[in-house]
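Below is one structure, written out as structure tokens; comments come after it.
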Amino acid sequence: MPEEAGFPPAKKFRPSAGPPSRAGSCPPGRRAVMLLAAGGGGGGGGRRQQPSLAQPSASPYPEAVEQQRRNLPIFQARGQLLAQLRNLDSAVLIGETGSGKTTQIPQYLYEGGIGRQAIIAVTQPRRVAAISLATRVSDEKRTELGKLVGYTVRFDDVTSDDTKIKFLTDGMLLREAILDSLLRKYSCIILDEAHERTIHTDVLFGVVKAAQKRRKELGKLPLKVIVMSATMDVDLFSQYFNGAPVLYLEGRQHPIQIFYTKQPQHDYLHAALVSVFQIHQEAPSSHDILVFLTGQEEIEAMSKTCRDIAKHLPDGCPSMLVLPLYASLPYAQQLRVFQGAPKGYRKVIISTNIAETSITITGIKYVVDTGMVKAKKYNPDSGLEVLAVQRVSKTQAWQRTGRAGREDSGICYRLYTEDEFEKFEKMTVPEIQRCNLASVMLQLLAMKVPNVLTFDFMSKPSPDHIQAAIAQLELLGALEHRDGQLTLTPMGRKMAAFPLEPKFAKTILLSPKFHCTEEILTIVALLSVDSILYNPPSRRDEVQSVRKKFVSSEGDHLTLLNVYRTFKNTGGNKEWCKENFVNSKNMMLVAEVRAQLRDICIKMSMPILSSRGDTENIRRCLAHSLFMSTAELQPDGSYATTDTHQPVAIHPSSVLFHCKPACVVYTELLFTNKCYMRDLCVVDAEWLYEAAPDFFRKKLRTARN
DNA sequence: GAGCACTGC
């Protein structure tokens, strides 16, 4: 069995040194400072990312905390770092995992009296990271969270007038920029995890750069910008920030052995299975395995197969605890990956790329990387977003490998050949080039960016891509041309106030006209979080019979509304959710989102009415705001979108899957094996015509007859 | 006729 995957002798490397070159990757001709070369293991904090589900605990001994700070490798570079950063407007800081840069740099700046005139901001792509980092740093400063050190994430602002070091999500800082595009509250902005290239961080690059320049011109408090990244490949960052110097920090990572396959693997699932049991039969049971696959279905199937095989292993072989892990898995089941396995059991965690960055599991000795990932691609020609299984990038492969060496030396099995690896894309395409830009454009316009068409993105989306977003905003009535420039209409300005996709903001803003704002708030909140419906594949029949009582023949929006209403009316709790196959975590989130949206409506003095039992008004309102996302039944029984006549199908998750309504609006198109419409609502074709006569003048034919 | 990577405001 071991030979089947065909692994040649291993290569050794230190993961965050990453791709082959290390010292050599310092861009030539640029001022580079190698700040530190301290190594060695040993305890101590400074681990940046805590597992998202287990909050770090504060150390009971303050002296120990201070000692831990001093033990971090970065401490020896403190003086040198401060001297550098004091004089720079912008800097790029490369730090290996475990260097402690995220927790220490803000404190060094503050202690060194840099940026004390205002707030030092540190952005994070994820909420949990912002919260746990703020907790950690306020512990280290021996202050109460929310005083000197605080955090701001959606629904949760733990800051005060005393706050000088503030951790926040990148999306939150972007929201703040709508209110003040010069970000005057801040003396220093640290954009952390920049290598992840989230859409928010990418927009912030441009916003922060512009604010820095503008503040200088106006003679205001200078803005210091520090970009922090884990990859050595930082040419882009440095170039973008006017050749900002690159500072390098070493961290502590443990060596990891890498095995490639000898032959390309046609069946990566089979190869993964073989590798798992090869390791299982050879390694001590305390060594856990992390396997990267692409999605829920695949993971559930593989989990079952592993459990079945594990039942029939020879004597003396350890037992196996197989744990699936993916985002839509209920919270309680996700938690199991952090619990220790019973004695004599080996944990085998089978995960999506959620374990690449978002969830850090300790004690992983082996990583099995299939080299595959399910990811969204954007096709600017068709404007379609496609969700497809594809090869990972090199950066992603290194990230996966690094998950094996967090506490001790590790081993990574790559289920592809070294030649194949060399052909992987160097970097993952940044999110900003892969998704619909309507929200981004709306936000930039709300910040009064002089010309959104030529905005200074680090990695520019194609002009088609930007144009498609502008066209969508125009259809929604958000834009006007004034003095040869694009600006927001009053409607557009209101839309920008909502933390929503523009079309959903428009739905809310139209709802008073249809007297159904209460219902629309619920529906939009339901659509803007992950599905509240939990569908364990093994209990499909049970799910269907329980769900029957909620189903509306008018579509998914009204079905979801029924679920939410019943939940509220019966004083819904976790027990109710469990009985009704509802994801309680997402349900709680819906209530929070709804409250936030309702507050925004109230601040705008919008009348908030309920349509009571009338569902027609709700459907009319959806028709009037989602008119660009409609499909009609064709004579042959299939569906085609109204605008481009793209063939589409009703997604199997829809309550309308077995029905054939003449005309529907949908909230999302998803291309997998086919082009599927998700979240449908039955509408009358006439309403669409009322909503946008120009748009439909030529397009609506069949359904009206 | 049969299926949903991951964040975030």
Side-chain angles (χ1 to χ4, degrees), chain A residues 52 123-130 152-157 168-179 193 196-204 292-301 325-329 351-359 372-377 385-390 392 396 399 428 431 434-435 439-440 442-443 446 496-502 504-505 525 528-531 533-535 537 540 583 589 592-593 596-597 600 636-639 647-654 656-660 668-679:
Chain A
S52 66
T123 67
Q124 291 294 318
R126 284 168 291 280
R127 295 165 51 93
V128 273
T152 306
V153 297
R154 191 181 187 183
F155 309 127
D156 204 3
D157 181 11
L168 71 178
T169 46
D170 48 9
M172 205 68 214
L173 187 60
L174 207 51
R175 277 269 136 211
E176 290 189 7
I178 294 179
L179 302 175
E193 309 283 10
E196 287 191 29
R197 303 297 302 274
T198 69
I199 194 163
H200 292 146
T201 297
D202 262 33
V203 177
L204 278 175
F292 284 101
L293 297 187
T294 69
Q296 173 177 348
E297 198 178 317
E298 209 173 77
I299 287 168
E300 291 293 352
L325 180 64
Y326 45 88
S328 60
L329 197 69
S351 174
T352 61
N353 43 345
I354 194 172
E356 237 171 72
T357 48
S358 305
I359 290 180
M372 306 304 283
V373 67
K374 198 178 281 183
K376 227 172 220 177
K377 285 195 284 193
E385 290 178 327
V386 179
L387 191 62
V389 172
Q390 51 197 300
V392 296
Q396 253 180 310
Q399 181 70 30
T428 313
E431 202 183 353
R434 284 187 289 129
C435 46
S439 290
V440 167
L442 185 67
Q443 283 175 354
F498 288 93
L500 293 170
E501 270 182 61
F504 292 143
S528 65
V529 308
D530 283 339
S531 177
L533 305 180
Y534 174 54
N535 299 311
R540 193 179 300 184
N583 182 318
L589 194 57
E592 261 187 311
V593 172
Q596 186 191 27
L597 300 177
I600 297 171
D636 67 357
S638 70
Y639 282 86
V648 288
I650 296 177
H651 196 279
S653 67
S654 172
L656 298 178
F657 184 55
H658 292 288
C659 312
K660 294 220 176 282
E668 190 187 20
L669 274 190
L670 184 85
F671 201 103
T672 49
N673 291 330
K674 262 198 235 168
C675 196
Y676 286 106
M677 302 178 278
R678 285 173 74 176
D679 294 323

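Computed from a predicted model, the values in this text were never measured in an experiment. Naming convention: chains lettered A, B, ... in sequence-line order (proteins, then strands); numbering from 1 in each chain. Side chains included, hydrogens not; waters and symmetry mates left out as well; all remaining heavy atoms used.
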I want to check one thing: is the phosphate of B:dG3, taken as OP1 and OP2, less than 4.0 Å away from some side-chain N or O of A:Asn673? yes
Roughly how many Å is it from CG in A:Asp679 to C1' in B:dG3, rounded to a whole number? 14 Å
Sugar-phosphate, base or nothing in reach of A:Thr198, heavy atoms under 4.0 Å: nothing
In whole angstroms, the gap separating P of B:dC4 from CD1 of A:Ile650 amounts to 16 Å
Without swapping roles, check the side chain of A:Glu176 against the backbone of A:Leu174 for a donor-acceptor pair under 3.5 Å. no
Look at the side chain of A:Ser653 and decide which nucleotide, out of B:dG3, B:dG1, B:dC9, has an atom nearest to it. B:dG3
Between A:Thr352 and A:Gly295, the two heavy atoms sitting closest are CG2-CA, 4.1 Å
Does A:Thr169 place a side-chain N or O at less than 4.0 Å from the phosphate oxygens OP1/OP2 of B:dC9? yes
Of all the nucleotides listed (B:dC9, B:dG3, B:dT7), which has the minimum atom distance to the side chain of A:Asp530? B:dT7
Quick one: are A:Arg197 and A:Glu431 in side-chain contact, heavy atoms under 4.5 Å? no
Nearest whole angstrom, please: distance from the C1' of B:dC9 to the CG of A:Leu168. 11 Å
Candidate nucleotides B:dC6, B:dC4, B:dG1, ranked by approach to the side chain of A:Lys660 - the nearest: B:dG1
Going by atom types only, do A:His200 and A:Thr198 share a side-chain donor-acceptor pair under 3.5 Å? no
Rounded to whole angstroms, how far apart are NE2 on A:His651 and P on B:dC4? 5 Å
Please classify the nucleic acid contact of A:Arg197 as base, sugar-phosphate, or nothing, using heavy-atom distances under 4.0 Å. nothing
Round to a whole Å and report the spacing from OH of A:Tyr676 to P of B:dC4. 7 Å
Phosphate contact (B:dC9 OP1 or OP2) by A:Arg127 side-chain N/O below 4.0 Å: yes
Between A:Ala327 and A:Glu297, name the one whose nearest nucleotide on DNA chain B is closer to the 5' end. A:Glu297
Find out whether A:Ser439 and A:Pro502 are in side-chain contact, i.e. whether some heavy atom of one side chain is under 4.5 Å from a heavy atom of the other. yes
Please state whether the phosphate of B:dA5, meaning OP1 or OP2, lies under 4.0 angstrom from any side-chain nitrogen or oxygen of A:Tyr326. no
Roughly how many Å is it from CG in A:Leu533 to P in B:dG3, rounded to a whole number? 19 Å
Quick test of the criterion, 5.5 Å between centres and less than 30° between planes. Is A:Phe657 stacked on B:dG1 or not? yes
A:Met677 side chain reached by A:His651 side chain, heavy atoms, under 4.5 Å: no
Just how far, in rounded Å, is C1' of B:dC6 from CG of A:Leu329? 15 Å
Does a side-chain N or O from A:Thr352 land closer than 4.0 Å to OP1 or OP2 of B:dC6, or not? yes
Could you tell me whether A:Val153 contacts a base, only the sugar-phosphate backbone, or nothing, with contacts defined as non-hydrogen atoms closer than 4.0 Å? sugar-phosphate
Between P on B:dA5 and CD on A:Glu298, what's the gap in Å once rounded to a whole number? 9 Å
Select one nucleotide: of B:dC4, B:dT7, B:dA2, the one nearest the side-chain heavy atoms of A:Lys674. B:dA2
Assign A:Ile354 to base, sugar-phosphate, or nothing according to its heavy-atom contacts below 4.0 angstrom with the strands shown. sugar-phosphate
